[in-house]
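Structure record follows, encoded as structure tokens.
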Amino acid sequence: MRLLSVVLSGGAGSRLWPLSRQAFPKPFMKLGGTTLLQQAIERGQACGTGDLMVVTNKEHQFLTLDVLNQMADPPTATLLLEPRGRNTGPAIALAALQCIRQFSGDTVMLVLSADHLVPDVEAFVASASQAFRLASQGKLVVFGIGPTQPDTGFGYIEVEHVSRESQPAKRFVEKPDLQTAQEYLATGRYYWNSGMFCFTADAIVAAFEQHAPELLAGARRAFESSQLANGAINFDLHDFGLQPDISIDYAIMERAGNVHVVPAKFNWSDVGLWPSVANAHTPDASGNTMPADVVAIDTTNTHIHVDSYGPKVVATLGVHDLVIVDTPDALLVAHKDNAQDVKKVVDVLKARKHETVNLPPVVHRPWGTYASLKEEDGYKVKRITVKPGSSLSLQYHHQRAEHWVVVKGTAIVQVGEVQYKTLPGEYRYIPLKEQHRLTNIGTDELVLVEVQCGTYLGEDDIVRLADTYGRA
């Protein structure tokens with residue numbers, strides 16, 4: 001039987017702000033040198049899956065492709081692009097329908113989250129092999145994590161008694177309060193719900209037909225109006241939005257009678273809070289997890305993350321049990337006991353319509369990246385990179401002129417109807433309302449410094465006339 005990895009890559013990860021943003025969420029964070037998304041893909045490959053399906057937001061298509069392109073041995077991937085978030089129920093229903101269409105109904109789907117940390121891949125493969133055997137028999141399998149503390153941030157699964165063997169699930173319960181979580185832990189009958197599953201496409205579709213027919217009907221309707229573009233399946237915003245916003249647990253797992261729990265034989269973290277990120281690093285003798293060049297005096301049990309455009313000295317003195325996350329455009333200082341409340345900061349920033357909720361310091365685009373280095377009234381300085389062979393859209397601006405200096409690579413700069421080959425150290429001026437385009441014709445990354453001058457410098461002052469990526 002074929003085994004297919006289905007990676008669900010969604011969510012904003014707001015409790016990991018300011019590193020995680022809506023336009024650059026948790027799956028694209030790096031831990032141990034690679035992104036969490038890549039690690040999820042590689043776990044599937046370790047289980048023997050040659051094919052991959054990723055369900056992600058349409059805005060994250062090119063971030064996902066960048067991750068795949070940077071892998072030494074990327075799998076053959078199908079991307080299902082959601083125009084908006086619709087929870088895990090619709091995501092899995094869409095993946096199952098596409099699996100039947102593309103492969104067969106008896107294909108076993110290994111459903112993984114793109115934002116989990118599983119250090120011991122060999123132990124994961126052992127658990128996945130057990131799940132594969134059960135799924136081949138028509139079971140709906142969920143991976144259960146043995147609880148280590150009465151955590152209120154996870155859903156729980158009740159079984160007859162926690163053991164090393166798989167067994168039927170008795171019931172699923174949502175995130176409990178602390179007292180209830182303590183009671184669950186004391187009984188020895190509960191696992192944490194990992195959010196990772198295994199079943200055949202036919203079995204999960206049959207479960208949708210029985211327990212959530214309206215959800216399945218909505219997924220089928222979304223497919224009827226879907227289109228294949230840029231190597232991915234795109235869904236119509238209206239038809240996609242008619243699907244109910246519901247988790248796979250509510251829709252299926254709490255209702256189906258053939259759910260089995262495979263106990264995880266591996267260490268696992270959903271990396272949902274900054275302390276869990278800290279726990280993924282090796283602490284020093286004082287319990288700190290931080291870059292080696294941080295000056296830490298009388299500092300204990302503190303996690304520091306520094307993301308800077310250039311060299312920066314970071315020093316701490318007499319601090320304990322803190323999380324300090326420094327990015328070029330935001331700084332978070334929080335006590336570890338309050339890490340759950342970082343979302344409250346994001347809520348305040350949302351109310352203020354602050355762009356740090358959405359855009360990261362380095363914004364990724366299909367053609368490359370840009371980063372704002374300096375902004376004051378009347379001008380903004382940006383660093384732009386363009387991938388070899390890529391180009392920005394043909395565009396103009398109503399309220400700003402631009403000055404471009406190439407510092408690395410070879411560019412073609414179109415201004416009006418004229419194209420100029422532009423080398424490092426050379427400069428081009430883009431007048432107000434003049435159409436223009438930037439193309440990298442070299443084999444290396446193109447780096448450009450852009451100075452914008454005008455009365456309004458927002459990113460929405462772009463009129464696209466033509467675009468390789470269908471954004472015009």
Side-chain angles (χ1 to χ4, degrees), residues 1 3-8 44 47 55 87-97 99-100 105-113 116 118 124 126-147 151 154-176 180-181 184-185 187-216 219 244 246-266 268 270:
M1 297 178 72
L3 179 62
L4 170 71
S5 283
V6 177
V7 178
L8 307 183
C47 295
V55 186
N87 219 315
T88 55
I92 291 174
L94 291 169
L97 292 175
C99 179
I100 293 171
D106 64 354
T107 298
V108 175
M109 300 167 57
L110 179 62
V111 180
L112 307 174
S113 175
H116 290 172
V118 180
F124 174 81
S127 294
S129 297
Q130 188 177 4
F132 180 87
R133 290 193 295 272
L134 288 168
S136 301
Q137 301 166 14
K139 308 296 185 184
L140 306 180
V141 180
V142 58
F143 292 84
I145 309 295
D151 202 301
F154 303 131
Y156 285 69
I157 310 167
E158 185 181 8
V159 294
E160 190 65 35
H161 198 275
V162 169
S163 73
R164 294 183 59 83
E165 302 302 321
S166 63
Q167 58 186 301
K170 297 183 70 173
R171 68 174 179 135
F172 284 68
V173 292
E174 286 305 302
K175 299 174 183 177
T180 304
Y184 288 168
L185 208 62
T187 66
R189 298 199 308 269
Y190 288 86
Y191 289 102
W192 286 337
N193 182 355
S194 71
M196 296 184 289
F197 306 94
C198 192
F199 33 66
T200 65
D202 278 343
I204 193 63
V205 168
F208 278 118
E209 286 177 335
Q210 180 178 357
H211 303 291
E214 72 292 341
L215 190 158
L216 185 62
I246 187 172
S247 71
I248 190 67
D249 301 316
Y250 275 132
I252 302 299
M253 297 298 165
E254 293 183 2
R255 306 176 185 182
N258 60 335
V259 178
H260 270 58
V261 181
V262 166
K265 298 179 176 64
F266 48 86
W268 169 90
D270 75 338

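These numbers were taken from a predicted model, which means no experiment stands behind them.
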Output the distance between atom SG (C47) and atom CG (L4), rounded to the nearest 0.5 Å.
12.0 Å
Looking at side-chain heavy atoms only, is the closest gap between I252 and F199 below 4.5 Å?
no
Does Y184 reach the side chain of P176, with side-chain heavy atoms less than 4.5 Å apart?
yes
May I ask you to test the F197-L140 pair for a side-chain heavy-atom distance under 4.5 Å?
no
Find the distance between OG1 (T200) and CG (L3) and round it off to the nearest 0.5 Å.
12.0 Å
Let me confirm one number: the NZ-CZ distance from K139 to R133, rounded to the nearest 0.5 Å.
14.5 Å
To the nearest 0.5 Å, atom CD1 of I157 lies from atom CG of D249 at 7.5 Å
Heavy-atom closest contact (V6 atom, M109 atom, distance):
CG2-CE, 3.8 Å
In Å and rounded to the nearest 0.5 Å, what is the CG to NE2 distance from L216 to H211?
12.5 Å
Are the side chains of I246 and L215 in contact, using a 4.5 Å heavy-atom criterion?
yes
When you measure from the side chain of N258 to the backbone of G138, do you find a donor-acceptor pair of N or O atoms at a distance under 3.5 Å?
yes
Quick one: does any side-chain atom of Q167 pair with a main-chain N or O of H161 as donor and acceptor, under 3.5 Å?
yes
For atom NZ of K170, is the number of surrounding heavy atoms from other residues, nucleotides or ligands below 6.0 Å larger than 12?
yes
Donor-acceptor check, side chain of S127 to backbone of K265, threshold 3.5 angstrom: yes or no?
yes
On a heavy-atom basis, which atom in A251 and which in R255 lie closest, and how many Å separate them?
O-CD, 3.5 Å
Whether over 12 other heavy atoms sit under 6.0 Å from Y250 OH
no
Looking only at non-hydrogen atoms, find the nearest pair between L94 and A219 and report the distance.
CD2-O, 3.6 Å
Residue pair D106 / M1: nearest heavy atoms and the distance that separates them
O-CE, 2.7 Å
Plane angle bin for W192 and Y156 - parallel if under 30°, tilted between 30 and 60°, otherwise perpendicular:
perpendicular
For residues V159 and A169, report the shortest heavy-atom separation together with the two atoms involved.
CG1-CA, 4.4 Å
Judged by atom type as modelled, is there a donor-acceptor pair below 3.5 Å linking the side chain of S194 to the main-chain atoms of I145?
no
Minimum-distance pair of heavy atoms, taken over all atoms of V262 and Q130:
CG1-OE1, 3.7 Å
Is there side-chain contact between F132 and V141, with at least one heavy-atom pair below 4.5 Å?
no
Beyond-backbone contact of M196 with F124, side-chain heavy atoms, under 4.5 angstrom:
yes
Sub-4.5 Å side-chain heavy-atom contact between L112 and F143
no
The test is ring-ring contact (aromatic ring centres under 6.0 Å, His included); show your working for Y191 and W268 and say whether it passes.
CA-CA 13 Å; Y191 289 102; W268 169 90; over 10 Å; no
Between atom OG of S247 and atom CD of E174, what is the distance when rounded to the nearest 0.5 Å?
6.0 Å
